[in-house]
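Here is the structure we will look at, set down as structure tokens.
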Amino acid sequence: MDEANEPGDLPERVRRTVRRVPPGTVVTYGDIAELVDTGPRQVGRIMATDAADTPWWRVVNASGRLPAGLLDEARKHWLDEQTISDPAASRVDLSAKRATWLLDPPSGGD
DNA sequence: TGCTTGACTTACG
DNA sequence: CCGTAAGCCAAGC
């Protein structure tokens, strides 16, 4: 069974899934939502209310962006983790940095 | 119990 | 690329 499908509160499953996103890559709210079987709004709500010990900057919206207030903080992490190369960039290139492989995990759990 | 809100997404112009 | 509209689902009031 996938970790994301393990029992527990929704916030817990979301945080666990977000934590498995490696540095230098990102996923979208919708991606996380699919993995924990909920809606993207819920993922956003959880990140906003319970993002403790969670690399929230690795979770962006479908445009590879984050709200204005978070951009400043997120960009520092993106630069540090080489998610972006341009210090002036305001968005992540999903075509290159989205961890699609994480969205389609091998059933190897078994 | 019911309406409003939101770190979202997709569709349309 | 930007604004608007509708769909979505759980929390808060």
Side-chain angles (χ1 to χ4, degrees):
Chain A
M1 177 187 295
D2 295 327
E3 294 178 76
N5 288 331
E6 286 180 11
D9 291 335
L10 181 61
E12 188 176 305
R13 285 182 294 174
V14 170
R15 286 185 310 225
R16 189 183 299 135
T17 305
V18 173
R19 276 190 220 112
R20 72 182 245 190
V21 178
T25 67
V26 297
V27 291
T28 71
Y29 290 94
D31 293 336
I32 299 297
E34 289 286 296
L35 290 174
V36 301
D37 191 40
T38 189
R41 308 297 316 244
Q42 282 33 267
V43 178
R45 181 180 63 73
I46 291 162
M47 298 307 290
T49 63
D50 195 5
D53 301 304
T54 304
W56 54 265
W57 55 90
R58 291 180 199 151
V59 184
V60 300
N61 65 22
S63 301
R65 307 181 111 161
L66 281 172
L70 306 172
L71 181 58
D72 186 63
E73 182 99 35
R75 191 163 44 202
K76 294 188 307 183
H77 290 287
W78 291 342
L79 285 169
D80 183 54
E81 300 180 352
Q82 299 188 321
T83 308
I84 60 176
S85 52
D86 183 348
S90 56
R91 59 172 290 184
V92 175
D93 183 351
L94 295 179
S95 303
K97 297 297 184 179
R98 188 181 185 205
T100 53
W101 51 271
L102 194 60
L103 312 180
D104 180 33
S107 55
D110 195 301

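Chain A is the first sequence line, chain B the second, and so forth, proteins listed ahead of strands; every chain is numbered from 1. Keep in mind that this is a model prediction, so the values were computed, not measured. Hydrogens, waters and symmetry mates are skipped; everything else that's a heavy atom, side chains included, is used.
- Across the protein-nucleic acid pair, A:Arg41 atom CZ and C:dG7 atom P stand 14 Å apart, rounded to whole Å.
- Between B:dA7, C:dC2, B:dT9, one nucleotide has an atom nearer to the side chain of A:Ala51 than all others, and that is B:dA7.
- Taking every heavy atom of residues 42-49 of chain A and every atom of DNA chain C, pairs under 4.0 Å involve A:Gln42, A:Arg45, by number.
- Checking A:Gly39 against A:Arg65, the closest nucleotide of DNA chain C that is more toward the 5' end is the one next to A:Arg65.
- Note that the CZ atom of A:Arg91 and the CD1 atom of A:Ile84 stand 12.0 Å from one another [nearest 0.5 Å].
- Looking at A:Asp31, its side chain does come within 3.5 Å of a backbone N or O of A:Thr28 through a donor-acceptor pair.
- Of the possible polar contacts, none joining the A:Arg13 side chain to the A:Asp37 backbone as a donor-acceptor pair under 3.5 Å is found.
- Note: CG (A:Asp31) to C1' (C:dC8) measures 16 Å, nearest angstrom.
- Nearest nucleotide to the side chain of A:Asn61, out of B:dA7, B:dC8, C:dC2: B:dC8.
- Side-chain atoms of A:Thr17 do not come within 3.5 Å of backbone N or O of A:Arg15 as any donor-acceptor pair.
- Protein atom OH of A:Tyr29 is 15 Å distant from nucleotide atom P of B:dG6, rounded to whole Å.
- If you measure from atom CG of A:Asp37 to atom C1' of C:dA10, you get 14 Å, rounded to the nearest angstrom.
- A:Ile32 has its CD1 atom 17 Å from the P atom of C:dA10, to the nearest Å.
- Note: A:Thr38 OG1 to A:Tyr29 OH = 14.5 Å, rounded to the nearest 0.5 Å.
- Between A:Leu94 atom CG and B:dC8 atom C1' there is a gap of 14 Å when expressed in whole angstrom units.
- Formation of a donor-acceptor pair under 3.5 Å by the A:Asp9 side chain with backbone atoms of A:Pro11 is not found in this model.
- Put simply, CZ on A:Arg75 and CG on A:Asp86 are 9.0 Å apart, with the number rounded to the nearest 0.5 Å.
- In this structure, A:Arg15 places its CZ atom 16 Å from C1' of B:dA7, rounding to the nearest Å.
- Using the Watson-Crick or G-U wobble rule with both distances under 3.5 Å, C:dC8 pairs with nothing in any strand shown.
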